[in-house]
Amino acid sequence: MFRPDWHEYFMLVAKLVAIRSGCNSRPTGAVVVKDKRILATGYNGPMPGAWHCTDKGPSYCFRREKGIPDIDKYNFCRASHAEANAIAQAARFGISLEGATLYCTLAPCYVCLKLIASAGIKEVYYEYDYESRDFERDTFWREAIKEAGLRVFQQVKVSEDTLLGVQRILEFPTSQRRLPATT
């Protein structure tokens with residue numbers, strides 16, 4: 001049986017967390033880890049108890065409905081980012097993130113990068129680049145990564161073998177024997 005390495009394992013957890021996202025535009029997930037133990041998770045979504053864009057249907061986006069351009073999206077999106085929610089969850093339960101590692105399905109934005117650095121997180125692994133169309137913002141963001149004091153800022157992709165392994169394990173009753181019982 002295939003067994004993923006730690007980077008793929010934690011990225012898979014972040015991807016699984018993303019299925020709770022309340023965002024139709026770009027569902028994302030994050031997991032904060034220290035010493036190979038999960039400290040906190042987060043997905044992009046609104047404040048606790050508030051309605052999600054997914055509640056209004058599969059193509060609804062509050063910001064788009066209001067005609068807000070991308071340049072001002074952070075001020076009008078109902079969702080907090082996955083990384084921010086993971087950091088907030090840790091804070092809510094008194095969990096220090098000093099020296100921790102963050103796995104996220106999307107490279108953190110500038111606002112989340114500041115939160116990551118302020119929380120003491122030292123390594124960031126992300127699955128997808130942010131795909132900005134703003135060259136000036138991207139240049140500023142890349143400089144901020146250098147200033148954040150991170151030891152690692154690196155892309156991690158989950159391999160096809162690992163994805164197939166996940167598909168097999170999800171289809172297989174996980175408590176059912178794989179090998180016959182011994183006598």
Side-chain angles (χ1 to χ4, degrees), residues 1-45 48 52 54 79-131 141-142 144-146 148-181:
M1 172 164 182
F2 180 76
R3 190 168 179 230
D5 68 22
W6 287 107
H7 291 306
E8 283 189 310
Y9 171 73
F10 289 123
M11 190 59 73
L12 284 169
V13 172
K15 289 170 78 66
L16 188 59
V17 169
I19 67 173
R20 287 287 304 153
S21 171
C23 179
N24 285 317
S25 178
R26 196 185 294 211
T28 61
V31 59
V32 186
V33 175
K34 189 169 185 180
D35 299 325
K36 297 182 177 125
R37 301 289 178 249
I38 295 172
L39 302 177
T41 62
Y43 53 86
N44 57 332
H52 296 253
T54 54
S80 293
H81 290 182
E83 307 91 327
N85 279 327
I87 291 167
Q89 182 187 74
R92 188 174 192 175
F93 293 103
I95 300 168
S96 172
L97 302 183
E98 185 67 40
T101 299
L102 174 75
Y103 289 85
C104 45
T105 58
L106 185 64
C109 71
Y110 179 60
V111 173
C112 288
L113 187 61
K114 292 186 291 184
L115 291 172
I116 289 163
S118 295
I121 294 170
K122 294 300 179 193
E123 297 181 355
V124 173
Y125 295 93
Y126 62 94
E127 185 179 33
Y128 292 102
D129 282 317
Y130 196 79
E131 301 173 349
W141 177 75
R142 297 219 181 274
I145 291 168
K146 294 175 191 172
L150 301 171
R151 289 189 301 256
V152 177
F153 190 86
Q154 179 181 320
Q155 189 170 30
V156 169
K157 290 282 190 170
V158 177
S159 70
E160 289 297 319
D161 286 342
T162 297
L163 291 173
L164 288 172
V166 169
Q167 183 178 349
R168 282 193 300 272
I169 201 79
L170 290 176
E171 294 169 352
F172 189 85
T174 54
S175 297
Q176 184 176 345
R177 291 185 183 278
R178 291 187 185 146
L179 302 174

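From a predicted model like this one, the values you see are computed outputs, not experimental measurements. Side-chain atoms are counted along with the backbone in the values below, which use heavy atoms only and exclude waters and symmetry mates.
Minimum interatomic distance between Ala148 and Ala117 (heavy atoms only, all atoms of both residues): O-CB, 3.6 Å. Taking both residues in full, the closest heavy atoms of Thr54 and Asn24 are given as CG2-OD1, 3.2 Å, listed atom of the first, atom of the second, then distance. Heavy atoms only, all atoms of each residue included: Ala86 and Ala40 are closest at O-CB, 3.4 Å. In plain terms, the two heavy atoms of Glu83 and Cys112 that are nearest each other are OE1-SG, 3.7 Å. Residues Ser21 and Cys23 come closest through the heavy atom pair OG-N, 3.0 Å. Of all the heavy atoms in Val158 and Lys15, the pair that sits closest is CG2-CD, 4.1 Å.
Side-chain contact check for His81 versus Pro108: every heavy-atom pair is 4.5 Å or farther apart.
Just one residue in the list Leu97, Val111, Val124 forms a side-chain contact (heavy atoms from CB on, under 4.5 Å) with Ile116, and that residue is Val124.
From Thr28, atom OG1 reaches atom OH of Tyr126 across 15.0 Å, with rounding to the nearest 0.5 Å. To the nearest 0.5 Å, atoms CD1 (Ile121) and CG (Leu39) are separated by 9.0 Å. Atom OH of Tyr103 sits about 9.5 Å away from atom CH2 of Trp6, to the nearest 0.5 Å. Note that OH of Tyr110 and CG of Leu115 are 11.0 Å apart. Values are rounded to the nearest 0.5 Å. If you take NZ on Lys122 and OG1 on Thr101, they are separated by 11.0 Å, rounding to the nearest 0.5 Å. The line from OH of Tyr128 to NZ of Lys157 is 4.5 Å long, rounded to the nearest 0.5 Å.
Between the Asn44 side chain and the Ala79 main chain, no donor and acceptor come within less than 3.5 Å of each other. In this structure, the side chain of Gln89 engages the main chain of Thr41 through a donor-acceptor pair within 3.5 Å. The backbone N or O of Glu127 sits less than 3.5 Å from a side-chain atom of Gln155, completing a donor-acceptor pair. Under the 3.5 Å distance criterion, the side-chain polar atoms of Asp35 are left unmatched by any main-chain donor or acceptor of Arg37. For Asn85 (side chain) and Tyr43 (main-chain N/O), a donor-acceptor pair under 3.5 Å exists by modelled atom type.
The environment of Arg26 atom CZ is dense: over 12 non-hydrogen atoms of other residues, nucleotides or ligands sit within 6.0 angstrom. Heavy atoms of other residues, nucleotides or ligands lying less than 6.0 angstrom from CZ of Arg92 number 12 at most.
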message: Could you go through Gln167 and Leu170, starting from their C-alpha distance and side-chain angles, then the distance that decides it, and tell me whether this counts as side-chain contact (heavy atoms from CB on, under 4.5 Å)?
response: CA-CA 5 Å; Gln167 183 178 349; Leu170 290 176; 5.9 Å; no

> After noting the C-alpha distance and the side-chain angles of Leu113 and Leu150, does the key distance pass the side-chain contact (heavy atoms from CB on, under 4.5 Å) rule?
Replying inline: CA-CA 10 Å; Leu113 187 61; Leu150 301 171; 4.0 Å; yes

- Task: Take Thr162 and Tyr9, measure what side-chain contact (heavy atoms from CB on, under 4.5 Å) needs, and give me the verdict at the end.
- Result: CA-CA 9 Å; Thr162 297; Tyr9 171 73; over 6 Å; no

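Phe153 and Trp141 have perpendicular rings, their planes meeting at more than 60° on a 0 to 90° scale where under 30° would count as parallel.
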